[in-house]
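Hydrogens, waters and symmetry mates play no part in the numbers below; they use all other heavy atoms, side chains included. The residues of the chain are indexed from 1 along the displayed sequence.
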Amino acid sequence: MKKLVISLATALLASIFSLPAQNSRKVDLYSISGRENVTSLDGMWRNIVDPFENGYYDYRLNPTDGGYAQDRSYDDHTRLQEYDFATASQLAVPGDWNTQSDRLYYYEGTVWYRKRFDYDLAEGKRLFAHFGAANYETIVWVNGKRVGQHIGGFTPFCFEITDVVKKGENSIVVKVDNKRHHEGVPTVNSDWWNFGGITRPVSLIETSSTFIKSHAVGLKNKDVKKIECSVTLDGPQAAGREVTVEIPELKIKRNAVTGADGKLSFEVKASPELWTPENPKLYAVNISSGEETVKDEIGFRTIETKGNKLLLNGKEVFLRGICIHEETAYDSGRAWSREHAHTLLSWAKELGCNFVRLAHYPHNEEMVREAERMGLMVWSEIPVYWTIHWNNPDTYANAEAQLSDMIGRDINRANIIIWSVANETPRSEPRNEFLTRLVNKARELDGSRLVGAAMEKDEPVPGKLTINDPLGKVLDVLSFNEYVGWYDGNWEKCDRVDWSFDIDKPVLITECGGGGVYGYHGSDKERFTEEYQTALYEHHVAMLKRIPGLSGVAPWILKDFRSPRRHLADIQDDFNRKGLISDKGQRKPAFYVLQKWYKELAGQE
């Protein structure tokens, strides 16, 4: 009998914890930019650190009276209670918990957040809770009722809360769990800090009952004389509804009516001034339906390949790039604001860049938009990194969802020229099939950009370097990482190697370089000295000049960044030291080596 009771209990727990997401109200409302009636929930949020997830289990077992989602305060001292949000510590949102609290520096697990807010939703209106991102699994409750779940640390998500919000004070409770998972995207092993928390802004978006959910405005099939516009409405009156699209500077104003699916699409003749790094022209675009207007700033450009040439607006372009992680300039926490973006991108401009690789995940929207305003082309990537579980259908679904969310949010950003589906993935047939599906999905969602992935080089014969990865036949560019002089020999090898390629596509080096500690001096043969990093860049640049079909390069990396893989005391101290700028903002001598070459390429010397 005792065994039977245990078995029944085990079955009950298994059934409870395997329940699908309850009351899920997820809506593909990716961006809050340009929307009216937006209320920020940023600021200080109460938090409870819960490594054993007691609050979650309590809630799942007794959802009417258990769990931290109920947001109880400890006002009845006759009753046993294990927590009290009212007296809990606070964390800033947006922000990572690792750099806000010493006790959470290495923490991986669950933290509960709570924020109270006043609201009075007018009759006939709808309300959505929008999160720029939270790492990695997020579950949201409003007034004790679960509204949705999101998996993925770098893409936006939005839940409708119209029917759970009340007049007056409301409570939003968010369970954020940054534990790594073998089947996750990324998987358990990576070379960047696993920042936990609500890392990007949180907002309430109020809309009409039928509202503008998304829009896409761009050139029609690379025709610089035609602009295509598409709009999607959401709501009970989405079908047969009039929408107005205006681009005042181009004297465009077009009314159109949605179809039965709430969507419309049309094209107009126009001659827009094209977006370039030298002249990052953006046009004000206004989209209206009923009493609602969404505003955007959109540029127009073409990007394509011809043989081994990369063409921007029909003209050959060389990508003078640098890789960037989403870390703030000086304190190395998770970056999220326009100010954070401007500082990092200003350093890239100082270096002489016209291109940035935003690695290894979709960066925050402010980063992409500020790069667009500053004239920087962008490589945008999902975190399919190293040893993903290629045969797991859930892993693929996760990766595809992140790809779709990335493209959905940034479809209108002219500066994004390449969607990347992976970085340094070991070759196998399952991997090839997995990534080919992602490449095809990217092209299905957006045919106006190129698709790439950071592959790895081959050396079939000593001193002869190439790319033999079958993925190269699927991608639009022959993009790969190489560390000749760092992981592959010392800098003297740069003088001895030759490159050749069997595939006639633009060659783009997505990582190269090596480490150096600011202020650490010694022989140019000694790793991590400024002298070694400088010599490596000098000889590496000479090697790059000899590579046939080279259309761009993005050395690794703009600034030193946190990594739990880097433990060398007094050298790394939890930082990857391959930055051309230190974690304190100090330029290393190698910075000026690359800057000199980029000036030559730009015709400034």
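For the pair Arg334 and Tyr361, the cation-pi test (distance below 6.0 Å, angle within 45°) is passed. Annotation: cation-pi geometry satisfied between Lys281 and Tyr283 (NZ/CZ under 6.0 angstrom from ring centroid, within 45° of ring axis). A cation-pi arrangement is absent between Arg587 and Tyr592, since the terminal nitrogen or guanidinium carbon is not both under 6.0 Å from the aromatic centre and inside a 45° cone about the axis.
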Open item on the list: The test is salt bridge (charged side-chain N to carboxylate O under 4.0 Å, His left out); show your working for Arg449 and Asp446 and say whether it passes.
Closed with: CA-CA 7 Å; Arg449 293 172 173 85; Asp446 175 25; 2.7 Å; yes
TODO: Carefully, step by step, assess Met406 and Ser380 under the rule side-chain contact (heavy atoms from CB on, under 4.5 Å).
DONE: CA-CA 8 Å; Met406 175 178 71; Ser380 188; 3.1 Å; yes
Open item on the list: With side chain to side chain donor-acceptor pair (under 3.5 Å) as the criterion, how do Asn364 and Glu326 come out once you've worked through the C-alpha distance, each side chain's angles and the decisive distance to 0.1 Å?
Closed with: CA-CA 8 Å; Asn364 66 85; Glu326 193 184 54; 2.9 Å; yes
TODO: For Leu282 and Ile298, run side-chain contact (heavy atoms from CB on, under 4.5 Å): C-alpha distance rounded to whole Å, both residues' side-chain angles, the deciding distance at 0.1 Å, then the answer.
DONE: CA-CA 5 Å; Leu282 300 176; Ile298 293 177; 5.9 Å; no
- [ ] With side chain to side chain donor-acceptor pair (under 3.5 Å) as the test, would you mind laying out the steps for Ser203 and Ser40 before giving the verdict?
- [x] CA-CA 4 Å; Ser203 306; Ser40 173; 5.2 Å; no
TODO: Please assess Thr302 against Lys315 for the test side-chain contact (heavy atoms from CB on, under 4.5 Å), listing each intermediate value before the final yes or no.
DONE: CA-CA 10 Å; Thr302 64; Lys315 298 179 181 178; over 6 Å; no
Open item on the list: Could you go through Thr244 and Ile287, starting from their C-alpha distance and side-chain angles, then the distance that decides it, and tell me whether this counts as side-chain contact (heavy atoms from CB on, under 4.5 Å)?
Closed with: CA-CA 6 Å; Thr244 302; Ile287 302 169; over 6 Å; no
- [ ] May I have the step-by-step check of salt bridge (charged side-chain N to carboxylate O under 4.0 Å, His left out) for Arg369 and Asp296, ending in yes or no?
- [x] CA-CA 11 Å; Arg369 285 180 174 268; Asp296 205 345; 3.3 Å; yes
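Using a 4.5 Å cut-off on side-chain heavy atoms (C-beta onward), Leu311 and Ile303 make no contact. Taking 4.5 Å as the limit, every side-chain heavy atom of Val224 sits out of range of all side-chain heavy atoms of Phe300. Using a 4.5 Å heavy-atom threshold, the side chains of Arg35 and Thr293 count as separate. Using a 4.5 Å heavy-atom cutoff, the side chains of His150 and Lys26 are in contact.
Ring geometry for Phe195 against Trp193 counts as tilted: the plane angle lies between 30° and 60°, on a 0 to 90° scale. Under the 30°/60° scheme for interplanar angles, the aromatic rings of His360 and Trp556 are found to lie parallel. Ring geometry for Trp192 versus Tyr385: interplanar angle over 60°, hence perpendicular rather than tilted (30 to 60°).
A side-chain donor from one of Glu365 and Ser31 sits under 3.5 Å from a side-chain acceptor of the other. Defined by atom type and a distance below 3.5 Å, a donor-acceptor pair is present between the side-chain atoms of Glu381 and Trp379. Side-chain contact of Thr510 with Ser479: a donor-acceptor pair under 3.5 Å is absent, judged by distance alone. Under the 3.5 Å distance criterion, with hydrogens and angles disregarded, no donor-acceptor pair is assigned to the side chains of Asn576 and Asp560. Side-chain atoms of Ser289 and Arg241 include a donor-acceptor pair closer than 3.5 Å. Donor-acceptor pairing under 3.5 Å is recorded for the side chains of Gln149 and Glu137. Using a 3.5 Å distance cut-off with no hydrogens or angles, the side chains of Asp96 and Thr99 do pair a donor with an acceptor. Of the N and O atoms on the side chains of Ser563 and Asp191, at least one donor lies less than 3.5 Å from an acceptor on the other residue.
Contact check on Glu246 versus Lys251 returns no salt bridge, with no Lys/Arg side-chain nitrogen under 4.0 Å from an Asp/Glu carboxylate oxygen. Ion pairing between a basic and an acidic side chain is recognised when a charged N comes within 4.0 Å of a carboxylate O; Lys545 and Glu600 show such pairing. With respect to the salt-bridge test (charged N to carboxylate O, under 4.0 angstrom), the residues Glu228 and Lys220 qualify. A salt bridge is defined here as a Lys NZ or Arg NE, NH1 or NH2 lying under 4.0 Å from an Asp or Glu carboxylate O, and Arg443 with Asp476 meets this definition. Taking the charged nitrogens against the carboxylate oxygens, Lys559 and Glu327 do have a contact shorter than 4.0 Å, which makes a salt bridge.
Atom CD of Glu339 sits about 12.5 Å away from atom OG1 of Thr328, to the nearest 0.5 Å. From Lys225, atom NZ reaches atom NZ of Lys269 across 11.5 Å, with rounding to the nearest 0.5 Å. To the nearest 0.5 Å, atom NZ of residue Lys441 and atom OG1 of residue Thr436 are 15.5 Å apart. The distance from the OG atom of Ser214 to the CG atom of Asp234 is 9.5 Å, given to the nearest 0.5 Å. Taking SG of Cys323 as the start and CZ of Arg357 as the end, the distance is 4.5 Å to the nearest 0.5 Å. Here CD1 of Ile382 is found 10.0 Å from OG1 of Thr155. Values are rounded to the nearest 0.5 Å.
Side-chain atoms of Asn194 come within 3.5 Å of backbone N or O of Asn178 as a donor-acceptor pair. The backbone N or O of Ala454 lies less than 3.5 Å from no partner atom in the side chain of Asn481, so there is not a single donor-acceptor pair. Glu304 contributes no side-chain N or O that, together with a main-chain N or O of Leu310, makes up a donor-acceptor pair within less than 3.5 Å. When atom types are taken as modelled, the side chain of Lys226 and the backbone of Ser271 share no donor-acceptor pair closer than 3.5 angstrom. Under the 3.5 Å distance criterion, the side-chain polar atoms of Asn412 are matched with a main-chain donor or acceptor of His215.
Across every non-hydrogen atom of Pro248 and Ala284, the tightest pair is CD-O, 3.5 Å. Nearest heavy atoms, Pro383 versus Val185: O-CG1, 3.5 Å. Of all non-hydrogen atoms in Gly153 and Asn135, the two that sit nearest each other are CA-OD1, 3.4 Å. When all heavy atoms of Ala341 and Glu370 are compared, the pair lying nearest together is CB-CB, 4.1 Å. Between Leu475 and Gly452, the closest heavy-atom pair is CD2-C, 3.8 Å. The two residues Val384 and Thr425 have their closest heavy-atom pair at O-CG2, 3.9 Å.
Under the side-chain hydrogen bond (donor to acceptor under 3.5 Å, both in side chains) criterion, Asn398 pairs with Tyr136, Gln402, sequence neighbours left out. For Glu206, the side-chain hydrogen bond (donor to acceptor under 3.5 Å, both in side chains) partners two or more places apart in sequence, or in a different chain, are Tyr119.
Residue Lys295 places its NZ atom among 12 or fewer non-hydrogen atoms of other residues, nucleotides or ligands, all under 6.0 Å distant. Atom NZ of Lys349 sits in a crowded spot, with more than 12 heavy atoms from other residues, nucleotides or ligands closer than 6.0 Å. Within 6.0 Å of the NZ atom in Lys222, the count of heavy atoms belonging to other residues, nucleotides or ligands exceeds 12.
With respect to Phe128, the ring pair (Phe, Tyr, Trp, His ring centres under 6.0 Å) criterion is satisfied by exactly one of Phe211, Phe159, Phe157: Phe211.
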